Amino acid sequence: MDFRLSPEEEAFQSTLRRFGDEVLRKNEQEIDDTGTIPAKVLDEMARLGLFAMPVPEEYGGMGATAIQTEIAAEEIGRGDFSMATAVYFLLEAGWGWILAKHGTEETKKEVLPPVCAGKHFLGIATTEPGGGSDLANMRTRSWRVGKEIVVDGEKTFLSGVMEARERGGGHVTLTRQKDGNGFNFLYVPANAKGTTAHKLVNMGRMGISTCMLHYDEVRAPERYLLGKEGKGFGVAMQGFQVARTFVAAACVGAAERAIETGMAYIKERQVFGQPLGKFEGIQFELADLWAQSEAVKWQVRRAAWLLDTYTFKGDSTHRSEIDRVVASVKLTAPQLAFDAVKKVMMWFGASGYTKEVGLERGLRGVMSYMVGAEGGLNVMRMILGRELLGKEFLPYAPPAGG
Ligand SMILES: Cc1cc2nc3c(=O)[nH]c(=O)nc-3n(C[C@H](O)[C@H](O)[C@H](O)COP(=O)(O)OP(=O)(O)OC[C@H]3O[C@@H](n4cnc5c(N)ncnc54)[C@H](O)[C@@H]3O)c2cc1C
């Protein structure tokens, strides 16, 4: 077993560390203040091939491995502490991969190239006003009329709706079949006829919009279906496996940045006549944070390795193992990042509470990964409970016909 990155992966990581230091950090305040990721940042990401990077080259992507994508998510999470750029990146990476895997040839050729070029946005739409955790109970309905699928209902807390409505693009959308027990998972352009959007004001991650999206009998061509009609639930769940790994990677990047920022500070800051870092109360907190960060980082790498070894090769034999590892990292990584930023803010004292230092931006950003963004913490615990104890310990009935 070799834990080292290959020379190519190391070179890629160094390039992205430079991008994080020289482009993301310099723009993160603007991203947070203006509520948008500047064109110069998106252009540079496009130049580096970062949009939807696991999508095969024939559809405009890089054909990147899960490990390469995980490295990129980590570096982007470290570079833009607000997490807006990381969310933009990881949604397209995870759901772009799923569209490339399960979409029809026509849809892949139509939708993916402008996404990979950084022109259009691609996101995910599952959450509804009635709740995001209990997906099997969703109310948005879909049904077939000739060669079209009609979608009617409402989704909420969707990332990137305004970006997709303004620049082009849309969301892979999970809906319940009106006639039948199954689910249709299909691409819906964000400005399709019959959609209306309402922007929500968040506490953080300001550079990417979060919206409600109402569908009034929106019609999509049947070619926009991912997977077979009525069998979309499993496809969406596979997408969550992939996207959650990249969420966890972004959190590791944020945690590492917080820890490094804190280390530099406690070596310099003098209290009671010596550096703050000489006091055990602080040093032991640092030791705990570093040890936790290393543990989570390597489990995230293992999740990416599992995706490369099985999921990305179309091998579904290790689903349960992957579910366990991915739920673990989506459970631990956001908490690690939040804990690291919060503790380092405390080391900074009052200056940590100011906007100048920028730690509060990280706190607001990583909080979004605790609340939701590809599933809340308790949903990860429920997946682990199901995998460890058995399906009969699920507190709800799994969806039929998924
Ligand atoms: C910034 C942001 C961006 C988002 N972007 C998207 C997006 O792009 N697309 C999308 O579809 N969704 C998105 N979401 C929504 C996110 O996926 C949901 O917030 C998440 O799935 C939880 O759903 P909910 O908020 O409706 O909470 P609920 O489902 O109402 O749950 C409320 C709380 O109870 C917990 N809980 C739920 N069930 C149980 C249980 N059985 N036992 C114990 N605790 C439980 C949950 O973990 C949560 O903490 C985003 C959320 C945020 C905050």
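Note that the structure is a prediction, hence the values are computed from the model and not measured. One-based numbering, in listed order, for ligands and for the atoms of each.
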If the threshold is 4.0 Å, N to carboxylate O, is there a salt bridge linking D2 and R4?
yes

Going by the 4.0 angstrom heavy-atom rule, the piece of M382 near ligand 1 is side chain

Among non-hydrogen protein atoms, atom 13 (C) of ligand 1 lies closest to F157 O, 2.9 Å

Before signing off on this row, confirm whether L158 and ligand 1 have an N or O atom pair separated by under 3.5 Å.
no

If you scan protein heavy atoms around atom 49 (O) of ligand 1, the nearest is V371 O, 4.8 Å

F89 vs L50 side-chain heavy atoms within contact, under 4.5 Å:
yes

Partners passing side-chain contact (heavy atoms from CB on, under 4.5 Å) against C211 (at least two apart in sequence or in another chain)
V161, M162, K199, S209

What do you think, any protein heavy atom under 4.0 angstrom from atom 25 (O) of ligand 1?
no

Any N or O of E128 that comes nearer than 3.5 Å to an N or O of ligand 1?
no

Looking at A373, A236, C211, P129, the heavy atom closest to atom 52 (C) of ligand 1 belongs to A373

Quick one: does G132 get an N or O within less than 3.5 Å of an N or O on ligand 1?
yes

Does K26 come within less than 4.0 Å of D21, counting only side-chain N to carboxylate O?
no

Are there protein heavy-atom neighbours of atom 37 (C) of ligand 1 below 4.0 Å?
yes

Min heavy-atom dist A125 to ligand 1 below 4.0 Å
yes

Does the protein place any heavy atom closer than 4.0 Å to atom 32 (C) of ligand 1?
no

Under 3.5 Å between any N/O of S368 and any N/O of ligand 1: does that happen in this structure?
no

Contacts of type side-chain contact (heavy atoms from CB on, under 4.5 Å), residue S133, not counting sequence neighbours:
V379

Establish whether atom 28 (P) of ligand 1 and some protein heavy atom are separated by less than 4.0 angstrom.
yes

Heavy-atom contacts with G131 under 4.0 Å: which atoms of ligand 1 show up? List them by number with element.
26 (O)

Carboxylate-amine/guanidinium proximity below 4.0 Å for R319 and E387:
no

Is a salt bridge present between E356 and R361, judged by a nitrogen-to-oxygen distance below 4.0 Å?
no

Consider every N or O of T210 and every N or O of ligand 1, then say whether any pair is closer than 3.5 Å.
no

Looking at D43 and R47, is there a salt bridge between them, counting it only when a charged N and a carboxylate O are closer than 4.0 Å?
no

Looking only at non-hydrogen atoms, which of L213, N378, T173, T127 approaches atom 18 (C) of ligand 1 most closely?
T127

Classify the contact between R205 and ligand 1 as side chain, backbone, both or neither, using a heavy-atom distance cut-off of under 4.0 Å.
side chain

Tell me whether atom 22 (C) of ligand 1 lies less than 4.0 Å from at least one protein heavy-atom position.
yes

Give me the residue, atom name and distance of the protein heavy atom closest to atom 8 (O) of ligand 1.
S159 N, 2.8 Å

Can you check whether M138 reaches L135 side chain to side chain, under 4.5 Å on heavy atoms?
yes

Mind checking whether I322 and Y310 have side chains closer than 4.5 Å, heavy atoms only?
yes

Which of these, T127, T210, L213, sits in a side chain to side chain contact (heavy atoms under 4.5 Å, CB included) with T156?
T127

Candidates E110, K109, E105 - the one meeting side chain to side chain donor-acceptor pair (under 3.5 Å) with Y59
E105

for atom 19 (O) of ligand 1, nearest protein heavy atom and its distance come out as G372 CA, 3.8 Å

May I ask you to check whether I124 has an N/O atom sitting below 3.5 Å from an N/O atom of ligand 1?
yes

Among S209, S133, G376, which one has a heavy atom closest to atom 46 (C) of ligand 1?
S133

Any non-hydrogen side-chain atom of Y369 less than 4.5 Å from a side-chain atom of V87?
yes

